[in-house]
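What follows is a single structure, written as structure tokens, with notes after it.
In this chain, numbering begins with 1 at the start of the sequence shown. Side-chain atoms are counted along with the backbone in the values below, which use heavy atoms only and exclude waters and symmetry mates. In each ligand, atom 1 is the first atom listed, and ligand 1 is the first ligand listed.
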Amino acid sequence: MREWTREERYVALDRKDTEKLRALHDRISQSIWRCSYHVQTVTGLLGDTNGFSYFDGRWHLFYQWFPYGAVHGLKHWYHTSSEDLLTWKNEGLGIGPGEYYDDKGVFSGSGFPEGDVLYLPYTGNHRDENWVRYPYQLLAWMDKDGVIHKQEEPLCGPIAGYTEHQRDPKMFFHEGYYYFLIGVQNEEKKGRFLLMRSKEIRSGWQVYGELNVRGYDDFGFMVECPDLEKVGDQWLLLFSPQGLEPKGDEFRNVYNNTYFIGQMDFEHCEFIPNGPFKELDRGLDFYAAQCAGQNIWPNRAVLEAWFGVSDYTYEPTAEEDYSGLQTMARILTIENGALKQRPADDWKKLEETLCGEYCNDAETEMPRSAVIEVESNNSAVSLDLYGADDHPGFTVEYDPQSRYLTIERGHMENQINTKYGTDRRVHLENGLSQMVIFADASSVEIFVNDGEYVLSSRIFPTLQEHLFRLKQSDGKTALYKAARTVQDDFVL
Ligand code: FRU
């Protein structure tokens, strides 16, 4: 892929370029890796989940976006919306860069619905003429007509005692106060959580304190996209730490996305975890997850994430000038002290046509977009997705002796980010009972044991990689062609 200069990368969306961008979109919409039920970039590059929320009867999902190419250029927010978390509609530009506070990027932030508006706090990335960065926490809001307004004055400017890395506000309300949580890097270059607080949303923000996590101190050199979420009577602390070393089968991606379950002690600005932090997803590509700001489900959280990781490159589509999609929405609950992650309630709507029900030794055509339901009574499972005549494709294997579920993308023709390995595995303490696999042209998400684990990975199968093989399984496996729930239309 060609190199982009800084001048080329720091370009804001210009409506005069509409026809040029339409042509770009028309070209990439022909790509064999476009998905049929995932939110994917309209043009250019997609990154973090932003502003995820339920407001005025719809789910709103924004994403970090650079319109002009598959590079991390000047960041905007792009807006999509949904009624059911499965069918997504492109809405056009959400927030674009302005003249000062966010002139070098509308960075990540959250969605907080209240009254007639959806508040959208985010980080403005300002850089001076020497390219020194100044982070500002800013506020925008969307009204019921879908018009987004920006507040001129920042909620706060750079906070003393921390480096230039201060970002990604997640806003919430608790017992009379508004809060937002940001990820910061302290002067010893350690990742930390900072809580800000105010009596009102638009002003009055003060540092409430560094959020201490009882018994834990090492979150790498920076914490990105933190999120504090009440689920029932417990709290989830989600974050994307950078710079952790791999530990056994965990933390093998360049950067990870992790969670604690516990209790919040607001008085002492302390989170009290009920155990160590774990990876939210055990696949190869998952980062910057965010729970929706919503007031409809007190006992569940709804999560989306970037189906990718910063610093990774996705050459097959980058060569075609685009990159990135969002994961499917997940419903999070805490059951017996453990996190459960399930696909959105109506996910069976995605099963359009049954291609067949199989046991051992089946080989058939694999739809580019598919849903696969696997039943297993803790017996061996071995299956190939997007296999070719001479190689297995993406493999999913469960070994009942060791109780390891292993995925492997190293056999595929197109290889990406191999430095971090091509396989991942999870140990299933209670064995394997079932899996639902969502495969969508360039992605595979595997939900294991009704919410126990999820493994999400990008893959880029060629047209020769088109076979589904069930090499081993005693239980019943059903293969469906998936419905199209995302129109790949051009909306600016
Ligand atoms: C995470 C991140 C955020 C930042 C955004 C910029 O991927 O680095 O911390 O706000 O991306 O695009």
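Environment of CD in Glu200: crowded, with over 12 heavy atoms of neighbouring residues, nucleotides or ligands closer than 6.0 Å. Within a 6.0 Å sphere centred on NZ of Lys189, other residues, nucleotides and ligands contribute 12 heavy atoms or fewer. A 6.0 Å sphere centred on NZ of Lys150 holds more than 12 heavy atoms belonging to other residues, nucleotides or ligands.
Remark: Asn256 engages no residue in a side chain to side chain donor-acceptor pair (under 3.5 Å) (not counting sequence neighbours). Partners of Gln234 by side-chain contact (heavy atoms from CB on, under 4.5 Å), not counting sequence neighbours, listed by chain and number: Ile261, Gln263, Asn274, Ile334. Residues forming a side chain to side chain donor-acceptor pair (under 3.5 Å) with Tyr10 (at least two apart in sequence, or on another chain): none.
Contacts of ligand 1 (protein heavy-atom distance under 4.0 Å) are Asp48, Gln64, Lys75, Phe107, Ser108, Arg167, Asp168, Glu224, Tyr287, Trp306, Ser310.
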